[in-house]
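The block underneath contains the structure these notes are about, expressed in structure tokens.
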Amino acid sequence: MTSNNDTLFARAQRSTPGGVNSPVRAFRSVGGTPRFITRAEGPYFWDADGKRYIDYIGSWGPAIVGHAHPEVIRAVQEAAARGLSFGAPTEGEIEMAEAICRLVPSVEQVRLVSSGTEAAMSALRLARGATRRDKVIKFEGCYHGHADSMLVKAGSGLLTFGNPTSAGVPEDFAKHTLVLDYNDPQQLEDVFAKMGDSIACVIVEPVAGNMNLLRATPEFLQAMRRLCSQHGALLIFDEVMSGFRVALGGAQSLYGITPDLTVLGKVIGGGLPVAAFGGRADIMKHLAPLGPVYQAGTLSGNPVAVAAGMTTLALIQEPGFYDRLAAQTRKLADGLTQQAKEAGVAFCADSVGGMFGLYFAAEVPQDYAQMMACDKARFNAFFHAMLDAGVYLAPSAFEAGFVSARHDDAVIAETIRAAAGAFGKVAG
Ligand SMILES: *Cc1c(COP(=O)(O)O)cnc(C)c1O
């Protein structure tokens, strides 16, 4: 029986490379046919065959208040009726900048852009322009969007600069990026001792969510902060995923560490394209039109997108929002762990705020190598069993999952019941 999803996927592949507009949507990692989504509401979305799923990707993070929240939709409709885009400033952009500066105290000034990739790319350029240095440090397994200097993997030795991970990235660009191991403060120490004075910045996901969920150790982030300050390098926290997701003030509020620059996205757009980068005012003043670092955008601070973002930011500031979100996410993680145990499957789960990780391993991974050692085949089987049962997890063993404020006890309980069956299928 051919499903509408199959028909649409076949058709999509004729006009679009791989049939998708962002690679992970293609189900290449887990196999099978991607689901084409027709609508979403609260914790659910529906595919082209009318099948309902409990959604644990939430558009990869933005849908933190649940899909199609009535207040967000109303704000978007009202903004749209006033005009879609002006190419001239609006008061809404000031309100959004003020809200970000208030909620993330390390951000004294901020610039709005349209995607996380653009925000991270701009923050890197700003760091290089402000320090007049070229070299940047990133960590294996962290994702910072698809700008050239970030699509880089480690070179052959500790002090050799990186190699491109994508065709089309010149080696001459990649050689300015040094890729180190996440959660290895000693390695960072060694590199700074050798070449600290040529490093423009260190960029990191302070809670990593693009190699499954991986928590940074406090020692790792503290070492990074100290070394950057000692050597005049800037510390950039890429909180595109963790910002307004692990806590209202982002991962920096959980760890009590103040980065020089912060990159935001996902939740701040509430489902429309808003991202941002900001930080110390003395660094931000290097940006055009004040300074020599160029950056611009036709749709930056778009009034309709800002309306969705501002309404979402208002909703997440309601008292107790993050306590409830974290409790529901923890309930999910604990419930899944319990079902796996009963089925005799080596599995564990972790969560930080509204973000979770599922690991087919005996213990929660502490670094990239341990993460890569998780049982991918078993995850794929589990993913499909859950999908059949109406639960949509990220279609990759190496992505974090997301819970919304609309994942109530009944939704979590339904998920855990589905998991009991799914673990049974993948056991043995
Ligand atoms: C999603 C993500 C990005 C890229 O954002 P886009 O809006 O997809 O370009 C960058 N950094 C992190 C940490 C992300 O999770």
Side-chain angles (χ1 to χ4, degrees), residues 20-26 56-64 100 104 111-127 136-152 165-166 177 179 182 201-216 221 224 235-247 250-252 254-255 259 261-279 295 297 299-302 305-306 308-309 312 352-357 368 371 394-396 398-402:
V20 292
N21 284 307
S22 196
V24 73
R25 296 180 197 168
Y56 285 104
I57 62 168
S59 185
W60 299 96
I64 195 164
I100 293 169
V104 187
R111 180 154 283 172
L112 302 183
V113 296
S114 300
S115 75
T117 292
E118 198 187 349
M121 177 190 80
S122 304
L124 286 167
R125 183 182 304 137
L126 175 59
V136 303
I137 292 177
K138 79 178 282 282
F139 300 95
E140 191 83 48
C142 286
Y143 180 65
H144 304 292
H146 58 88
D148 285 338
S149 60
M150 293 291 98
L151 295 181
V152 177
T165 55
S166 165
T177 305
V179 184
Y182 200 84
C201 63
V202 176
I203 185 167
V204 66
E205 286 183 74
V207 171
N210 288 286
M211 47 174 148
N212 206 332
L213 172 64
L214 177 59
R215 295 168 184 252
L221 295 181
M224 208 177 286
L235 176 58
I236 305 178
F237 274 8
D238 182 347
E239 298 225 46
V240 170
M241 186 179 283
S242 59
F244 309 110
R245 168 54 67 180
V246 298
Q252 53 195 271
L254 293 181
Y255 285 90
L261 294 172
T262 297
V263 186
L264 296 164
K266 297 197 166 101
V267 168
I268 62 165
L272 286 183
V274 185
F277 64 103
Q295 186 277 331
L299 294 177
S300 293
N302 174 270
V306 163
T312 303
V352 185
M355 197 170 152
F356 65 88
Y368 180 75
M371 195 65 81
S396 161
F398 303 113
E399 300 286 351
F402 304 96

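Quick note: numbers below take in every heavy atom, side chains included, and nothing from hydrogens, waters or symmetry partners. Atoms within a ligand are numbered from 1 in the order they appear, just like the ligands themselves.
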Legend entry - Sorted by chain and number, the residues that approach ligand 1 to under 4.0 Å with a heavy atom: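 Shell around ligand 1 (4.0 Å, heavy atoms): S115, G116, T117, Y143, H144, G145, E205, N210, D238, V240, M241, K266.
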
Inset, instruction - Give a yes or no on whether the backbone of F356 and the side-chain of Y56 come within a donor-acceptor separation of less than 3.5 Å. - result: no

Inset, instruction - Check G269 against A308 and note the closest heavy-atom contact, atom names and distance. - result: O-CB, 3.5 Å

Legend entry - Shortest non-hydrogen separation from L213 to M371 and the atoms involved: O-CE, 3.3 Å

Legend entry - Distance in Å, R245 CZ paired with F402 CZ, rounded so as to fall on 0.5 Å steps: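 These two atoms lie 6.0 Å from each other.
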
Inset, instruction - Find the distance between CD1 (I64) and OG (S59) and round it off to the nearest 0.5 Å. - result: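 Separation between the atoms: 12.5 Å.
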
Inset, instruction - For residues P273 and L299, determine if any side-chain heavy atom of one lies less than 4.5 Å from a side-chain heavy atom of the other. - result: no

